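Numbering of ligands and ligand atoms starts at 1, following listing order. These values consider heavy atoms only, across backbone and side chains, with no hydrogens, waters or symmetry-generated copies. What you are looking at is a predicted structure, and each value in this text was computed from that prediction instead of being measured.
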Amino acid sequence: MTTVDMRTPAALAEAERWTAHNYHPLPVVIADAEGAWVTDVDGRRYLDFLAGYSALNFGHRHPALISAAHAQLDRLTLTSRAFVHDQFAEFCRRLAQLCGKDLVLPMNTGAEAVETAIKVARKWGYRVKGVPAGQANIVVAENNFHGRTTTIVSFSTDPDARDDFGPYTPGFTIVPYGDAGALADAVDDHTVAVLLEPIQGEAGVLVPPPGYLAAVRKTCTERNVLFIADEIQSGLGRTGRTFAIEHDDVVPDMYVLGKALGGGIVPVSAVAADADVLGVLEPGQHGSTFGGNPLACAVGTEVVKLLESGTFQQRSAALGEQLHAGLSALIGHGVMAVRGRGLWAGVDIDPALLTGRQACERLAQRGVLAKDTHGSTIRLAPPLVVTEADLGQALAAVKAVLDEARAG
Ligand SMILES: *Cc1c(COP(=O)(O)O)cnc(C)c1O
């Protein structure tokens, strides 16, 4: 091989020198990107099979999203919510309609949208359900990932995410994921909400057992509890439907959205719910300087338009079959198990062969960027614009990495 690293080692060292070490990135320094492909500072190309943890569902620099952003940059970028701007209503209307809900509340990051859902659920509990002041509790699942704020890490079961960040916010009950009976038992008269990921992403793309989400819905309805679906990573086309929870024919009371809602350009998040829920908020009780800003709304509107066509959901469903068939064929050849839906897969690699981290390093050397979750599990989530040929190339790289590890 005549290829020599040119700028990569220096750029990695410089990045490491000037930042807190709260990430352990793969040794790749990306300079530009288009669609499902990125190019590093030395001109090497990679298939992006992480897609910004699903923030890049429409690929890097989707032309419709980029042109909406450019047009908005030339007109108006920020007003604050002290004034209304001309992009606000269309974004909120289209997103509410996509969700089949009365109202939306736009924020910026996923964690802020989760915090918003928690605050709304508590207020709803006190004002509508009649829970005694300060007594509201929310049922959540083990191995959840809902973000990084102090309240959210209070109910994380991941020691890395939680330890040393206390004192913790009370008011959360943790139950095993996928066990509808345990969840029903945890609900009491002070429970205001159940907060779940319809598929647990960070936990390793865990799909709950059939009937689980429907049983949770039934419990919530019977006990007058809000069902909050955190679709930040699973939603907006990733699983072959607009929302992952649709696979179970379940409608939650509140959707929490983020990641792909910003089109890979700006952070855009939101909660969507009916007026009897989101209507509990009055002026001054919640807000965000940047939430629902003109640039975010212009991009977000274009994102919703892309989803309204249904083509991305269809692509994810169809290409997801190719992805899952290809990965399932590797079971027994270095792969222990494959989970997921659509263009989203958690792949358990034989821990005797490779850690997830090692697998991702070797995949990167073969031109595919992916991310380990825990132990020997890796997550594959390409942009929904990925082609059949790209998928074939990535699957061949996974097979080559496993074959090499098994031979060595
Ligand atoms: C990424 C993620 C979040 C947090 O979103 P941020 O934008 O990083 O704050 C919350 N929930 C789920 C399911 C996520 O995947």
Side-chain angles (χ1 to χ4, degrees), residues 20 22-23 25 50-57 105-121 138 140-158 160-162 165 169 172 174 177-178 193-208 213 227-239 242-245 252 254-272 288 290-293 296 299-300 303 339-346 370-374 377-381 383:
N22 58 326
Y23 280 90
L50 179 61
Y53 300 92
S54 290
L56 290 156
N57 278 2
L105 195 171
M107 297 291 283
N108 309 284
T109 66
E112 284 176 302
V114 171
E115 290 275 352
T116 302
I118 292 168
K119 287 173 70 176
V120 167
I138 295 178
V140 299
E142 268 171 24
N143 300 318
N144 67 72
F145 183 85
H146 296 289
R148 301 293 196 170
T149 64
T150 46
T151 285
I152 294 171
V153 302
S154 295
F155 57 88
S156 172
T157 57
D158 174 357
D160 284 341
R162 184 175 196 273
F165 300 125
T169 307
F172 299 93
I174 302 169
Y177 187 69
V194 169
L195 168 62
L196 292 178
E197 298 156 84
I199 293 178
Q200 286 191 323
E202 299 300 312
V205 194
L206 301 186
V207 181
L213 296 168
F227 189 169
I228 305 172
D230 181 345
E231 293 261 12
I232 290 170
Q233 192 166 162
S234 58
L236 308 185
R238 173 53 57 194
T239 66
T242 303
F243 303 109
I245 201 166
M254 214 184 315
Y255 290 99
V256 187
L257 304 173
K259 294 205 164 102
L261 194 56
I265 300 175
V266 279
V268 185
S269 68
V271 301
S288 159
F290 294 98
N293 70 70
V299 172
V303 164
R339 295 171 301 275
R341 284 193 204 278
L343 280 173
W344 201 18
K371 179 75 176 74
D372 49 307
T373 59
H374 294 280
T377 301
I378 65 171
R379 159 182 27 202
L380 300 178

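At least one donor-acceptor pair under 3.5 Å links the side chain of Arg339 to the backbone N or O of Gly204.
With rounding to the nearest 0.5 Å, the separation of CG in Asn144 from OG1 in Thr157 is 6.0 Å.
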| message | If you apply the rule side-chain contact (heavy atoms from CB on, under 4.5 Å), what do you find for Leu195 with Phe172, and how did you get there? | response | CA-CA 10 Å; Leu195 168 62; Phe172 299 93; 5.7 Å; no

| request: Given salt bridge (Lys or Arg N to Asp or Glu O under 4.0 Å), test Glu231 with Arg238 step by step and report yes or no. | output: CA-CA 10 Å; Glu231 293 261 12; Arg238 173 53 57 194; over 6 Å; no

| field | Verdict with reasoning, Thr239 to Ile199, per side-chain contact (heavy atoms from CB on, under 4.5 Å) | value | CA-CA 9 Å; Thr239 66; Ile199 293 178; 4.0 Å; yes

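With respect to atom 11 (N) of ligand 1, the closest heavy atom belonging to the protein is Asp230 OD2, 2.7 Å. Protein heavy atom at the shortest distance from atom 6 (P) of ligand 1 is Gly110 N, 3.4 Å. Remark: minimum distance from atom 2 (C) of ligand 1 to any protein heavy atom is reached at Lys259 NZ, 2.5 Å. Remark: minimum distance from atom 9 (O) of ligand 1 to any protein heavy atom is reached at Ala111 N, 2.8 Å.
Close contacts between ligand 1 and Phe145 involve ligand atoms 1 (C), 2 (C), 3 (C), 11 (N), 12 (C), 13 (C), 14 (C) [criterion: under 4.0 Å to a heavy atom]. Below 4.0 Å from some heavy atom of Glu197 lie the following atoms of ligand 1, by number and element: 13 (C).
Checked by distance only, ligand 1 and Gln233 come closer than 3.5 Å through their nitrogen or oxygen atoms.
Residues passing the side-chain hydrogen bond (donor to acceptor under 3.5 Å, both in side chains) test with Thr169 are Thr151, sequence neighbours excluded.
Contact between Tyr53 and ligand 1 is absent, with no heavy atom of the residue lying under 4.0 Å from the ligand.
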